[in-house]
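Notes for the one structure printed next.
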Amino acid sequence: MTGDPTHRPNEIDRQLTDPEFFASGGHHDLFRRLRADEPVRWTNGSAARPFWSVSRHADCVHILRDPHTFSSRLGGLLPLSAEEPDEHQLIAGGYGSIPTHTDPPHHMTLRRPFNKFFSAPTLAPMLGRVQACVDRIMDEILPRGECDLVDDVAAQLPTRIVCEMMGVPQQDQARIRHYCAAFMGAQDPVYQIDGDPLKTQQTNMRALFDYMFELAMRRRGTPTDDFTSVIGNLEIDGEKLSERDVGWWCFSIVAAGLETTRDTVSVGMLELLNQPAEMARLRAEPELMNLAIDEIVRWVNPAMHKFRIATRDVELGGKTIRKGDWVVAWLVSANRDEEAFDEPYRFDVGRKPNAHLGFGVGEHSCIGRHLARMEMQAMITALIERTPDMALAGECEWLVSNKHTVLKHMPVRFTPRPRMAA
Ligand code: HEM
């Protein structure tokens, strides 16, 4: 028997599987109670299948550090369908090729050659490019005196940086951005095709894959100086990556690199505006920025959860998780765990230590975190230095999702300034 035979579904099951509930922010209080009362809880709500909800920091770390027991074979996000993919769907869905949809030992074979490209020293020369991009964005918004901090600022930076890095031409960048937003935001009616989250997710995922695959195959024949050319011609043990692996790696970098950075910058700025004392502290002590970035990632939780499947029977938090059970490690809860953080509900830009799980942990931990940090640091620094009187100018709109923390819109105003001379 899978799951918890003693379980009787109640309001908590409904809430944990209701994306609207998360969009309203009610989940933090719920997780506070779950961590205390039932840290490993069978959850039988409206998800495609019941699953174990794991809410404590230590238990989430345990799961993410043990990819042999907790498999990523169906990806890192709670699936929208309960059906086991057939052979055709496995290939079409990138299972076994997308790093987040892969288990050891194949996962490390796929990931190892990429680690060096995403290390802090290798990425250091990107800083000039990131700073120039931030300056251009600031020059575009400053004369206006108002903007949507999501669309005009936070989404612009990762879209331009990652697309430029991958060789996606400027005229295609809005399209790529839409595929990513709709694929990640498929639970929200605003993106839905025929009111169907699964169809929305699959259609946009396919469109992004097809685009990146086609680009990568062109670069395989005729390399340029972009990273798609590097991936397209990468060799492991003297053999080129398969066409499929090339396509899914290019897909993964774009899919993972655009949304999360956008969300951290926008929600992070919202929190700084809501907490003027912390904003003032960061302005007075800019050397805190490095710590502040970690605190913002902890606070925002761009990835609310990570999904896994148990490969064997295992005990956790006094419960027996059976082989084949679905398991959700709620990072959004782990990052507010009283056992792991002093005053976890306080936003503290100087927090140290800060063992947050915002970038994950273990074999699948975020490969792009150094790039993300560089972008977030440059963008937030520019915003707080160059728009000292920034204020909200209307209602913020949240994405309906229990997978990602996303602001759809954040209207702001500030004193207009003339464009800087070139
Ligand atoms: C604030 C920004 C970001 C956050 C919060 C974030 C978060 C995460 C998390 C939690 C994981 C773990 C997935 C798992 O355990 O299943 C992950 C993996 C990954 N991230 Fe990020 N990410 C960010 C930015 C980026 C960027 C900029 C890139 C690339 C340009 C990137 C590329 C990836 C890739 C390829 C993986 C899969 C690694 C693997 O499975 O081995 N991420 N990220």
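We count ligands from 1, going down the list as the structure has it; atoms in each ligand are counted the same way. No hydrogens, no waters, no symmetry mates; every other heavy atom, side chains included, goes into these values. The shown structure was predicted, so the numbers you read here are calculated from the model rather than taken from an experiment.
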Problem set entry | Identity of the nearest option to atom 7 (C) of ligand 1, non-hydrogen atoms only, from Gly360, Ala303, Ala255, Gly358 |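 Shortest heavy-atom distance from atom 7 (C) of ligand 1: Gly358.
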Exercise. Nearest non-hydrogen atom to atom 28 (C) of ligand 1 belongs to which of Pro99, Gly368, Pro67?
Worked result: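 Shortest heavy-atom distance from atom 28 (C) of ligand 1: Gly368.
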Exercise. Would you call Met165 a ligand 1 contact, heavy-atom distance under 4.0 Å?
Worked result: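 The answer is no: ligand 1 sits nowhere under 4.0 Å from a heavy atom of Met165.
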Problem set entry | Arg373 touching ligand 1 at heavy-atom level, < 4.0 angstrom |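 Outside the 4.0 Å threshold, so no.
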Could you see which bit of [X] sits under 4.0 Å from ligand 1, with heavy atoms only: side chain, backbone, both or neither?
| X | answer |
| --- | --- |
| Lys306 | side chain |
| Thr264 | side chain |
| Glu363 | backbone |
| Pro302 | side chain |

Among protein heavy atoms, which lies nearest [atom], and at what distance?
| atom | value |
| --- | --- |
| atom 23 (C) of ligand 1 | Thr260 OG1, 3.3 Å |
| atom 26 (C) of ligand 1 | Gly257 CA, 3.6 Å |
| atom 12 (C) of ligand 1 | His364 O, 3.3 Å |
| atom 35 (C) of ligand 1 | Ile367 CG2, 3.5 Å |
| atom 33 (C) of ligand 1 | Ala256 CB, 3.5 Å |
| atom 22 (N) of ligand 1 | Cys366 SG, 3.0 Å |

Are a donor atom and an acceptor atom from the side chains of [X] and [Y] found within less than 3.5 Å of each other?
| X | Y | value |
| --- | --- | --- |
| Gln187 | Ser401 | yes |
| Thr260 | Asp263 | no |
| Thr405 | Asn301 | no |
| Asn354 | Asp294 | no |

By number and element, which atoms of ligand 1 are closer than 4.0 Å to a non-hydrogen atom of [X]?
| X | answer |
| --- | --- |
| His107 | 39 (C), 40 (O), 41 (O) |
| Met376 | 1 (C) |
| Thr100 | 37 (C), 40 (O) |

Is the distance between the ring centroids of [X] and [Y] under 6.0 Å?
| X | Y | result |
| --- | --- | --- |
| Phe341 | His356 | no |
| Phe183 | Tyr179 | no |
| Trp326 | Trp52 | no |

Problem set entry | Nearest-0.5 Å distance that lies between atom OG in Ser266 and atom CD1 in Ile380 |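 Between Ser266 OG and Ile380 CD1, I get 9.0 Å after rounding to 0.5 Å.
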Does ligand 1 come near enough to [X] that some N or O of the ligand is less than 3.5 Å from an N or O of the residue?
| X | answer |
| --- | --- |
| Ser72 | no |
| Arg308 | yes |
| Ser252 | no |
| Thr261 | no |

Exercise. Is atom CG of Asp342 surrounded by more than 12 heavy atoms (other residues, nucleotides or ligands) closer than 6.0 Å?
Worked result: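 Not more than 12 within 6.0 Å, no.
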Exercise. Checking Arg336 side chain against Trp299 main chain: does a donor-acceptor pair fall under 3.5 Å?
Worked result: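 A pair under 3.5 Å: yes.
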For this session: May I ask you to decide if the ring planes of His305 and Trp330 are parallel, tilted or perpendicular, using 30° and 60° as cut-offs?
Result: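 Because their plane-to-plane angle is over 60°, the rings of His305 and Trp330 count as perpendicular.
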For this session: On the 0 to 90° scale, with breaks at 30° and 60°, tag the Trp249-Phe114 ring pair as parallel, tilted or perpendicular.
Result: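 Aromatic pair Trp249/Phe114 classed parallel.
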Problem set entry | Cation-aromatic face contact Arg373/Phe359, 6.0 Å, 45 degrees |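 Pair Arg373/Phe359 does not count as cation-pi.
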